[in-house]
Amino acid sequence: MKVLVVGNGGREHALAWKLLQSSRVQEVVCVPGNGGTATLPGCRNLPLSVTDFEGIGRFALVNNIGLIVVGPEVPLAAGITDYLHEQGLTVFGPTQVGAQIESSKTWAKHLMQTAGIPTAQAAAFDSASEAIAYLHQQTAPIVIKADGLAAGKGVTVAATLEEAQAAIESAFAGEFGAAGNRVLIEECLTGQEASVLAVTDGITIRPLLPAQDHKRIGDGDTGANTGGMGAYAPAPLVTPALMERIQREVLEPAIATLRQQGIDYRGVLYAGLMITPEGNPKVIEFNCRFGDPETQVVLPLLETPLDQLLMACAQQKLEQLPPLQWKSGVAACVVAAAGGYPGAYQKGFPITGIEAAQAAEAIVFHAGTKIKAETLVTDGGRVLGVTAIADDFKGAIAQAYEAMGLIQFESMYYRRDIGHQVLHQS
Ligand code: AMP
Ligand code: GLY
């Protein structure tokens, strides 16, 4: 089978890499891909935009692509799956109506309320004046969220009502474009965050290993929010008993309610959770795709062939698949970014040391890289991630950092404390 992967991040490199480990996968085509997917044996890049649905569909039909796996939320929210279905293609990724679980926070909140899924209390507003009037009846800290997709920048956890008001005003002033024409004011949850990525065929839903991300740019979880600076799995915070509750209280009600609404959701349902100090799971947000960098720690631990799993979802045969098989170790991933990220940064710096890092038994997943005149150069904010697998977190984290130390590019930045939560346990 030939598989087409849509996207160009570390997540898509990890998807292509894992798919190619299956004996049934003959070739992976990545659209548009990055420097890592360009050089991965068995994989090649196709230089089309992720929203060029016609181009992707035509290529898939002509080249006999058996499965299309959509990585990012933007094409899903724009209806790529609906378009490709109309062409008779097999797709892993929800349709546009299902992708609203990520593309509209009010839609997702309504679904959670209908399904009885534990989440923060929230109210939605279409004008700054109504939002501000409501805000002044609340107490800080409080969370302000733009309704639509804002590339991870639409959330403000405000320590004071003044800060919250400023966030409301800037959303309605157009900071996030149309995504901020509606704003949610949400109760601030406390606890520890975890990412549970589950795969579903619209009827059956199976969680993957739980992971933890590191969203802030700085050590000690300080500074601006990013797409994610590192991850580890399986997250010990999510014990087997807690995972069972997440399955029963979050994942199954979500998929059952989608189904009741006539939505045939086939893809990833990613639950971003807050585990409260009392040990209860509450949903912070749902995403309609694999997490990045969570995928770079979850997939390397998966034994079950990925093509088989994704195909079972796309063809609504997940119930027939045997239980997922996992490797026994743990994985950690450290992300290297271009200096300045998540603010302004430069591109085009040559990258060295990747082979040495691989020789140190790490897996290097490229994100913002490309090949320019036969040289690998930086091409984005998050440049690459180094994943290592070991028997315990101490080993995996040390190995990932050792390999990262062999990689160099101008302005390279990475956090030095990935996995600080689990360093003292195994
Ligand atoms: P989101 O884009 O919804 O993932 O939000 C980004 C980050 O904001 C989350 O990872 C949390 O750290 C934080 N956050 C979002 N909603 C809440 C909430 N209701 N309470 C506390 N923190 C939140
Ligand atoms: N790492 C967070 C996300 O993928 O949304």
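Atoms within each ligand, like the ligands themselves, are counted from 1 in listed order.
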Subject >> Reference residue R44; test side-chain contact (heavy atoms from CB on, under 4.5 Å); the match among V29, V28, T39, T37 >> reply: V29
Original post:
Taking atom types as modelled, is there a side-chain donor on Q100 or Q96 under 3.5 Å from an acceptor on the other?
Top reply: no
Subject >> Side-chain donor-acceptor pair present, N34, E12, cut-off under 3.5 Å >> reply: no
Can you give the donor-acceptor pairs under 3.5 Å from side chains of residues 405-414 to other protein atoms, not counting sequence neighbours?
{"unit_1": "S411", "atom_1": "OG", "unit_2": "G339", "atom_2": "N", "d": "3.1"}
{"unit_1": "Y413", "atom_1": "OH", "unit_2": "I217", "atom_2": "O", "d": "2.6"}
{"unit_1": "Y414", "atom_1": "OH", "unit_2": "R416", "atom_2": "NH1", "d": "3.2"}

Subject >> Neighbour count >12 (heavy atoms, 6.0 Å) for atom CD, E361 >> reply: no
Original post:
Got a sec: does the NE2 of H110 have more than 12 other heavy atoms crowding it under 6.0 Å?
Top reply: no
**OP:** With sequence neighbours left out, write down each residue that passes side chain to side chain contact (heavy atoms under 4.5 Å, CB included) with E294, or none if nothing qualifies.
**Re:** S195, L197, A211, D213, Y270
Subject >> Close-range residues for ligand 1, whose non-hydrogen atoms fall below the 4.0 Å threshold >> reply: K105, A120, V143, K145, V155, V157, E186, E187, C188, L189, E193, K215, M274, I284, E285
**OP:** Write down, by chain and number, every protein residue that brings a non-hydrogen atom to less than 4.0 Å from an atom of ligand 2.
**Re:** D213, G227, Y270, N287, R289, G291, D292, P293, E294
Original post:
So, for H366 and L376, which heavy atoms are closest and what is the spacing to 0.1 Å?
Top reply: CE1-CD2, 3.5 Å
Subject >> Minimum heavy-atom distance between A362 and V386, given as atom pair plus value >> reply: CB-CG1, 3.6 Å
